[in-house]
Number of protein chains: 4
Amino acid sequence: MTARPKSGRPRSESAKQSILDGAYQLLDEGGYAAFSIDAVAGCAGVARTTIYRWWPTKGLLATEAFLARVQANVDFQATDSAIHDFTRMLAGVGALMAGSAGRVAASILAEGQRDPETLEAFKTSYHQVLRSRSVPLLKAGVARGELAPDLDPDLLLDAAIGAIYLNLLLKQPVSEQWARQLAERLLKGALASSPPSPDTSRKTRP
Amino acid sequence: MTARPKSGRPRSESAKQSILDGAYQLLDEGGYAAFSIDAVAGCAGVARTTIYRWWPTKGLLATEAFLARVQANVDFQATDSAIHDFTRMLAGVGALMAGSAGRVAASILAEGQRDPETLEAFKTSYHQVLRSRSVPLLKAGVARGELAPDLDPDLLLDAAIGAIYLNLLLKQPVSEQWARQLAERLLKGALASSPPSPDTSRKTRP
Amino acid sequence: MTARPKSGRPRSESAKQSILDGAYQLLDEGGYAAFSIDAVAGCAGVARTTIYRWWPTKGLLATEAFLARVQANVDFQATDSAIHDFTRMLAGVGALMAGSAGRVAASILAEGQRDPETLEAFKTSYHQVLRSRSVPLLKAGVARGELAPDLDPDLLLDAAIGAIYLNLLLKQPVSEQWARQLAERLLKGALASSPPSPDTSRKTRP
Amino acid sequence: MTARPKSGRPRSESAKQSILDGAYQLLDEGGYAAFSIDAVAGCAGVARTTIYRWWPTKGLLATEAFLARVQANVDFQATDSAIHDFTRMLAGVGALMAGSAGRVAASILAEGQRDPETLEAFKTSYHQVLRSRSVPLLKAGVARGELAPDLDPDLLLDAAIGAIYLNLLLKQPVSEQWARQLAERLLKGALASSPPSPDTSRKTRP
DNA sequence: AATTAATCGAGACGGTACGTCCCGTCTTCCT
DNA sequence: AGGAAGACGGGACGTACCGTCTCGATTAATT
């Protein structure tokens, strides 16, 4: 129960939805440049004041519009294979970010550079959720001996998520398939896997 | 030869420098929010028109201010160890981005979400330079048998650079030391190195 | 009988009074600038809707608040001296307008410039009442031979009342004493009273 | 010479004129209700910011628009007859205020109730000018013996000007002819001119 | 030396979006 | 039915920057 409305005219759910939809749509189609309170109001058929009544800044509006579409779209179910879990998680994020959500997320990150509250909201309500659900999967893998005992889950996730964000921000394509390859590489590492051969490097060799 | 000055009053180098310095300083100290043409002009003691004469958009000004400070600050020298080269490169980027350059880069990426030209300029003049100098190091490692034969250098660099950008954008600390750990993990991979032990997981066997 | 309450909850007299008091107080203390429906509601501890239920515009509310304080504060009793009656009337208006009522009246006149209904209400319920009670006093004086036979009472009252309103609007002091002097001058006229003297003006002449 | 413009793009006289004209026209046609910065900008074909650049408040804009039309429209020339001078002056004000200037003046007085600066500007730049030019005419008349020796010129002018403002504010007609009658009455006074009849007043005389 | 041409400073201009205040209307529950 | 609460669409406010523009003053290279 979220504190019953007590009295007064109840909030218009249709207006709320129009605003979130309008915001999302503008961010998706026109990018950050097209995203203004004025434009959202116009696109949602709503008075500007109605937006300000509920969202203090446009960054927080964008964040909420993002969350409303993304909620629980990624599978974090734990199995007995951390490899599978990690791969599945990253593939899920990749698939999600391959579409409009990726463009919206990039805009939110941009706005977050200007407004600390927006950044904080994005981190708290999305980014850290993603992390906090992923870390246990990795820790289980470490405990199970499946992953390297000295693995820092945060570092691995920085690389995994960072790679995705990087491509979003640079407007380069992201896909589920690409995310799977990324997961595989992060797991296997870049080094030659076999015995690095008697001698790893140098031309040498008898 | 940069197109000889023909005639007329030559461009004021001091103004140019003041502008670049002012832009960089504003981005460093006040972040993207404090970065406006007006502010740069005021801070550089220069007329606004002088800025517009030389930089079409503030994104490109920011990019140039960034480049002026960053030029060739990273060591890409190739040795016979790709491991060392990659680690050194990444440590260099980490060290650079740990300071004001990191804050400025984050702002440029933000502006890039709004203005495609800014993004393009950043990619062309900085990001792709970084990549194009790093890839040969990795390819040499692959050729040498030091790195995995199926390694996609771009994928590895996405993870490496992406991890750094991620922390910049999220206003989380970046350091040379942290970048070294990142490099090590990316090279070694996340999997347990040894034979995953007789049996790491599963319900065991009968 | 004032239309018996029929059915339903009767109008709250306390709310009505709070609103009128609040309106008057706001106009007195903060002037026209401080007078908004929101402010009155807040100051009266009343819902905005309650105000709108009973007063269509803020001008009419102000007018009613004004009247509630002013009602019959001026003495129009007719004696056998129009001079005294006129002087007493004007002194009464002066005394009244010297205080908060003057500030409120000025605000109502201001609002009346924007809203014709407010102006009409002020004229009908206050200004014309004042005039219609004063005119007979003057007419009696004319009939009695006390005042000039060609006196237009309206013209005289325009000058008398106008002088007071002028000072109210210009935020210049008004007082009973000043009003008495005004009355005296209006009665006596500006011309030299005596035989304009053998020669009133001109370079004279022998 | 009003401090030569030194440098920078010179102020657009056409824009200035459009704004003053637009403001005056709006006040004339639609009254105070129609007078908003937005409307003036639209009506003048000018950016809103251009208005704010030169006039801090709409009241001062209105005042300036008023003055631009009214400047020296009244004849204050002194002759050797204060009666003529006063009558001419008042007839001039009446004629002026009978038209659009009267409607505009009423609006300015209304705005002046909300914004002290506007009131001050109106008083200083118009009202007091009118007064200060009228007073000498009256004083001369007093000195000459034409007007009552105990005449307070300010009091007379309060009555004269106040009567005009009153009718403006109440949206009642003002005309030159009416103003002449007003002047005459103020000069002659309201009292019966002849021997006030055996006993006009009180204690009579022994 | 005079001319020419591009720069620089200053600052006005038309314009977009902001975030706030108040308006008058509405919807809901409570008395 | 009245009243309290409060959301809604909307208009205007005054501010901050934007990018463009027109000035006068400065500064070389070209006459």
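Worth saying up front: this structure is predicted, and the values here are computed from it rather than measured. Letters go in sequence order (proteins before strands), and every chain restarts at 1.
In terms of modelled atom types and a separation under 3.5 Å, the side chain of Lys16(A) and the main chain of Arg11(A) share no donor-acceptor contact. A side-chain donor-acceptor contact under 3.5 Å links Ser18(A) to the backbone of Ser14(A). At least one donor-acceptor pair under 3.5 Å links the side chain of Thr124(D) to the backbone N or O of Glu120(D). Tyr24(C) contributes a side-chain N or O that, together with a main-chain N or O of Ala101(C), makes up a donor-acceptor pair within less than 3.5 Å.
A donor N or O paired with an acceptor N or O is found under 3.5 Å between the base of dC26(E) and the side-chain atoms of Arg9(A).
Under the 30°/60° scheme for interplanar angles, the aromatic rings of Phe122(B) and Phe66(B) are found to be tilted.
Salt bridge annotation for Arg69(D)-Asp21(D): present, with a cationic side-chain nitrogen under 4.0 angstrom from a carboxylate oxygen.
No donor-acceptor contact under 3.5 angstrom links the side chains of Thr63(C) and Tyr126(C), judged on distance only.
To the nearest 0.5 Å, the span separating CD on Gln113(B) from CD1 on Ile108(A) amounts to 11.5 Å.
Atom NZ of Lys16(A) and atom P of dC8(F) are 11 Å apart (whole Å). We find that CZ of Arg11(D) is positioned 17 Å from C1' of dA10(E), with the value rounded to whole Å. Computed from coordinates, the Gln17(A) CD to dA7(F) C1' distance equals 17 Å when rounded to whole Å.
Across the helix from dA1(E)-dT31(F) to dT31(E)-dA1(F), the helix axis at one end is tilted relative to the axis at the other end by 0° (nearest 10 degrees, each axis from five pairs).
Residues from residues 32-63 of chain C lying near DNA chain E, meaning a heavy-atom separation below 4.0 Å, are Ser36(C), Ile37(C), Asp38(C), Arg48(C), Thr49(C), Tyr52(C), Lys58(C) in numerical order.
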